[in-house]
Structures are given as structure tokens and as C-alpha cells.
Amino acid sequence: QVHLVESGGGLVQTGGSLKLSCVSSRSVDTINAMGWYRQVPGKPRDLVAAITSSGDTKYADSVKGRFTISRDNAKDTVFLQMNNLKIEDTTVYYCAADLCGTTWERLEFEPEPWCHWGQGTQVTVSS
């Protein structure tokens, strides 16, 4: 079992920045991949960014060039640096870990690709 705890959410103005953190109860260098998702009420969770243990990354088209995912193995933490935030980035962001029964190549096509989820952190972007 892996427990994930997100932090770093908050209120920011359009064009501002936030850095989300996800601390894992298990060493992240033993986890095959980790990711960040966001979910608008009433809709499925959408992939924002993901990173493998070897550092390969994926990003949603809507955040490319603005968001950066990274991991610090020494701190068992995955980060999501969010720059140039837009109002449409407002929602709850979730951390995920361990691909379950799928592959990195199929990540975007699987409805439930992760074994473990955090509780989420709210990001609100105001005008």
C-alpha cells in the first residue's frame, strides 16, 4: 500500500504560479510511475502530467509549456510546478502512483490506470 499526501494548492491570480507536492509513504524510486490528475465535478479525472522512475514524462496538451512534473527520490516526493495559471486550471488536483495492469504507453487510454491515489488539493485561479 502507498499513501500519498498532496499539498501546495491554494488561491492564485491569473498568470501566477503554484507548486504542488505529493509525498509518498513508499520510496518513489520503487514506484514505476507517478502522475498528477485533475477533476472537474461531474467529469472523469483527466491526466495532467506523469513521470516514470527513469524520468520519462507525459503532459496534457493544455498544460504543455506551463506545467513541469519532477521527482525528488531523496524526499520521496513528486512535484508539479504550475506557471502562467489560467482560470480554467481551477479544480482539485490528485496525485497518483503505480501503474496497475497497464503500461506507460497506454496510460492515456486506460480509465483507471493507477493503484494509488491521494486525497487531492484544491487549486483556484482568480481573475
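No hydrogens, no waters, no symmetry mates; every other heavy atom, side chains included, goes into these values. Since we're looking at a predicted model, the values are computed, not measured. Quick note: residue numbers are just sequence positions, from 1.
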With clusters defined by side-chain heavy atoms of hydrophobic residues (ILVMFWY) lying less than 4.5 Å apart, directly or transitively, does Met34 cluster with Leu99?
no

So with a 6.0 Å cut-off around CD of Gln122, is the heavy-atom count from everything else above 12?
yes

Please report the shortest heavy-atom distance between Leu18 and Leu85, naming the atom on each side.
N-CD1, 3.8 Å

Give me the ring orientation class for Trp117 and Tyr37: parallel if the planes are under 30° apart, tilted from 30 to 60°, perpendicular past 60°.
perpendicular

SB check Asp89 Lys86 (cutoff 4.0 Å):
no

Any side-chain to backbone donor/acceptor pair from Tyr59 onto Gly65? Under 3.5 Å, distance only.
no

Quick one: does His116's side chain get under 4.5 Å of Ser25's, heavy atoms only?
no

The test is side chain to side chain contact (heavy atoms under 4.5 Å, CB included); show your working for Tyr94 and Leu20 and say whether it passes.
CA-CA 10 Å; Tyr94 296 90; Leu20 305 184; over 6 Å; no

With a 3.5 Å distance limit and no angle check, can you tell me whether Thr91 reaches the backbone of Gln39 through a side-chain donor-acceptor pair?
yes

Ring of Phe79, cation from Lys19 - is the NZ or CZ under 6.0 Å from the centre and inside 45° of the axis?
yes

Examine Val92 and Met82 and state if one hydrophobic cluster contains both, with Ile, Leu, Val, Met, Phe, Trp and Tyr joined whenever side-chain heavy atoms are less than 4.5 Å apart.
no

Quick check: does any side chain N or O of Ser24 sit under 3.5 Å from a backbone N or O of Leu4, one acting as donor and the other as acceptor?
no

I need the minimum non-hydrogen distance between Gly9 and Val123, along with the two atoms involved.
CA-CG2, 4.2 Å

Between Thr102 and Leu107, is a side chain to side chain contact (heavy atoms under 4.5 Å, CB included) present by the stated rule, with each step listed?
CA-CA 7 Å; Thr102 188; Leu107 173 60; 5.6 Å; no

Nearest 0.5 Å, please: how far is NZ in Lys64 from NZ in Lys58?
9.5 Å

Could you measure the distance from the CG atom of Leu80 to the OG atom of Ser21? Nearest 0.5 Å is fine.
9.5 Å

Side-chain donor/acceptor of Arg71 to backbone N/O of Ala33, under 3.5 Å:
no

Please answer: with hydrophobic residues joined when any side-chain heavy atoms are less than 4.5 Å apart, are Ile69 and Val28 in the same cluster?
yes

Lys NZ or Arg CZ of Arg45 over Trp114 ring: under 6.0 Å, within 45°:
no

Please say whether more than 12 non-hydrogen atoms of neighbouring residues, nucleotides or ligands are located less than 6.0 Å from CD in Gln13.
no

If only atom types and distance count, is the side chain of Asp76 paired as donor or acceptor with the main-chain N or O of Val23 below 3.5 Å?
no

Under 3.5 Å, side chain of Thr57 to main-chain N/O of Ile51, donor-acceptor pair present?
no

Note, Ser127 side chain near Ile87 side chain (heavy atom, < 4.5 Å):
yes

If we ignore hydrogens and angles and just use 3.5 Å, is the side chain of Glu6 paired with the main-chain N or O of Cys95 as donor and acceptor?
yes

Can you check side-chain hydrogen bond (donor to acceptor under 3.5 Å, both in side chains) on Asn32 and Ser53, steps first, answer last?
CA-CA 5 Å; Asn32 53 25; Ser53 58; over 6 Å; no

May I have the step-by-step check of side chain to side chain contact (heavy atoms under 4.5 Å, CB included) for Arg26 and Ile31, ending in yes or no?
CA-CA 8 Å; Arg26 196 175 91 200; Ile31 297 174; 3.4 Å; yes

Chi angles and distances behind the side chain to side chain contact (heavy atoms under 4.5 Å, CB included) call for Asp46, Val48:
CA-CA 6 Å; Asp46 289 327; Val48 176; 5.8 Å; no

